[in-house]
Amino acid sequence: MIDKRVPSLEDAVAGITDGMAVMISGFGDSGVPVELTHAMLDLGVRDLTIITNNGGAGESDVAALLREGRVARLICSYPRSVGSHWFKQRWEEGSVELELVPQGTLTERMRAAAAGLGGFFTPTGADTELAKGKETRMINGRLHVLEDPLPADIALVHAETADRWGNLVYHLAARNFGPTMAAAADTTIVQVRSFAELGELDPEHIVTPGIFVDRVVQIGERA
């Protein structure tokens, strides 16, 4: 019997080790797997490569990983936003490496990894500092740059509801990077507000099929 539900956050993040590449879903505050990220922080793992949209703000999730010195490399589109003082501090002291990727390219690189593609050409970033050292090609009179696929060891994803097979539905904008990351990582770990019985989820509403999900933990409604 397939059952990907695990009883606790500790069980969900078991096996994450030093040096892994970890994708963390979310756009701003929407869709961030805060509880899973803090459970990973509690593991004490270090030298992580974090792949996410932005560099966190305040004292939680990605910002907490930066604050505690657990991030060796950050791959993202927006390292700085209101309240992202921990990225600023770690960057200025030289303790974190940054790879800046335009948002559409970030998503497409993850999608390429999920699809098993060797990369793709895009005009975004061509003839700029972001294209430095990368292969370029003129296509239909426009300069394009070759972007590599972007896989990860782990994806931490926030979804709304799951069944025991790991089929996922999302709530509004919280969907953002979750489906792409779930397909691009070797192991996908998901936190949800609720579980559904098999057959309760409308197949037309399932965005991430369970084949891309390894573990699901219920966190319930936030206060």
Side-chain angles (χ1 to χ4, degrees), residues 1-17 20-43 45 48 50-54 56 60-62 64-65 76 106-116 150-223:
M1 181 180 75
I2 298 173
D3 192 346
K4 298 178 180 178
R5 296 171 295 182
V6 295
S8 68
L9 287 162
E10 290 76 14
D11 292 308
V13 299
I16 299 178
T17 57
M20 279 188 164
V22 181
M23 293 173 171
I24 299 178
S25 69
F27 185 94
D29 292 333
S30 181
V32 179
V34 175
E35 286 77 4
L36 280 175
T37 304
H38 288 182
M40 182 174 69
L41 182 67
D42 291 341
L43 285 177
V45 290
L48 299 172
I50 297 298
I51 303 166
T52 187
N53 184 56
N54 54 288
S60 66
D61 51 84
V62 176
L65 293 172
C76 72
L106 181 67
T107 300
E108 193 63 10
R109 287 182 63 190
M110 291 187 283
R111 194 195 68 79
L150 183 60
D153 299 299
I154 303 289
L156 303 182
V157 171
H158 175 96
E160 183 69 13
T161 306
D163 62 25
R164 66 176 170 82
W165 285 356
N167 294 311
L168 306 178
V169 297
Y170 298 84
H171 181 67
L172 300 176
R175 173 173 170 174
N176 55 69
F177 288 88
T180 307
M181 290 180 170
D186 291 339
T187 299
T188 296
I189 304 167
V190 183
Q191 66 174 59
V192 295
R193 297 188 192 281
S194 61
F195 285 127
E197 295 297 327
L198 286 179
E200 283 187 350
L201 298 178
D202 184 339
E204 297 297 330
H205 295 165
I206 293 172
V207 177
T208 298
I211 193 171
F212 295 120
V213 174
D214 296 279
R215 302 172 206 157
V216 185
V217 62
Q218 184 179 12
I219 60 163
E221 295 293 333
R222 288 169 175 163

If you round to the nearest 0.5 Å, how far is [atom2] of [Y] from [atom1] of [X]?
X      : Y      : atom1 : atom2 : result
Leu36  : Arg215 : CG    : CZ    : 10.0 Å
Leu9   : His38  : CG    : NE2   : 11.0 Å
Ile211 : Ile2   : CD1   : CD1   : 9.5 Å
Cys76  : Ile24  : SG    : CD1   : 11.0 Å
Ser194 : Ile219 : OG    : CD1   : 10.5 Å
Ile50  : Thr37  : CD1   : OG1   : 7.5 Å

Nearest heavy-atom neighbours spanning [X] and [Y]:
X      : Y      : value
Pro179 : Val207 : CG-CG1, 3.6 Å
Pro33  : Ser25  : CD-O, 3.3 Å
Asp214 : Lys4   : O-CB, 3.5 Å
Leu168 : Ala162 : CD2-CB, 3.6 Å

Item checked: Main-chain N/O of Ala174 paired to Ser30 side chain as donor or acceptor, under 3.5 Å ->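 Judged by distance alone, yes, a pair lies under 3.5 Å.
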Next item on the list: Spell out, as yes or no, whether a donor-acceptor pair under 3.5 Å connects the side chain of Thr188 to the backbone of Ala182.
Entry: yes
Kindly write out the residues that satisfy side-chain hydrogen bond (donor to acceptor under 3.5 Å, both in side chains) with [X], not counting sequence neighbours, or none if the list is empty.
X      : answer
Asp42  : none
Gln218 : none
Asn53  : Gln103

By side chain to side chain contact (heavy atoms under 4.5 Å, CB included) - contacts of [X] (at least two apart):
X      : value
Leu201 : Thr161, Asp163, Asn167, Val169, Ala196, Ile206
Leu43  : Val13, Ile16, Val45
Asp186 : Asp153
Arg5   : Asp3, Arg164, Phe195

Notebook entry, point to check: How would you list, by chain and number, every residue that makes a salt bridge (Lys or Arg N to Asp or Glu O under 4.0 Å) with Arg111, sequence neighbours excluded?
Noted result: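 Glu108.
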Do [X] and [Y] come within less than 4.5 Å of each other through their side chains, counting heavy atoms only?
X      : Y      : answer
Met110 : Phe177 : yes
Val217 : Asp11  : no
Met40  : Leu48  : yes

Margin query: Which residue is it: Thr52, Leu41, Val22? I am looking for the one with a side-chain contact (heavy atoms from CB on, under 4.5 Å) to Leu65.
Written below: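 Per the side-chain contact (heavy atoms from CB on, under 4.5 Å) rule, the option paired with Leu65 is Leu41, out of Thr52, Leu41, Val22.
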Next item on the list: For residues 169-179, pull every pair meeting side-chain hydrogen bond (donor to acceptor under 3.5 Å, both in side chains), keeping only residues two or more places apart or in separate chains.
Entry: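 Residue pairs with at least one partner in residues 169-179: Tyr170-Thr208.
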Notebook entry, point to check: Which salt bridge (charged side-chain N to carboxylate O under 4.0 Å, His left out) pairs, counting each pair once, include a residue from residues 200-211, with sequence neighbours left out?
Noted result: none
Note to self: Assess the residue pair Asp29 and Val34 against the criterion (side chain to side chain contact (heavy atoms under 4.5 Å, CB included)); give the C-alpha distance rounded to whole Å, side-chain angles, the decisive distance to 0.1 Å, and a yes or no.
What the structure shows: CA-CA 9 Å; Asp29 292 333; Val34 175; over 6 Å; no
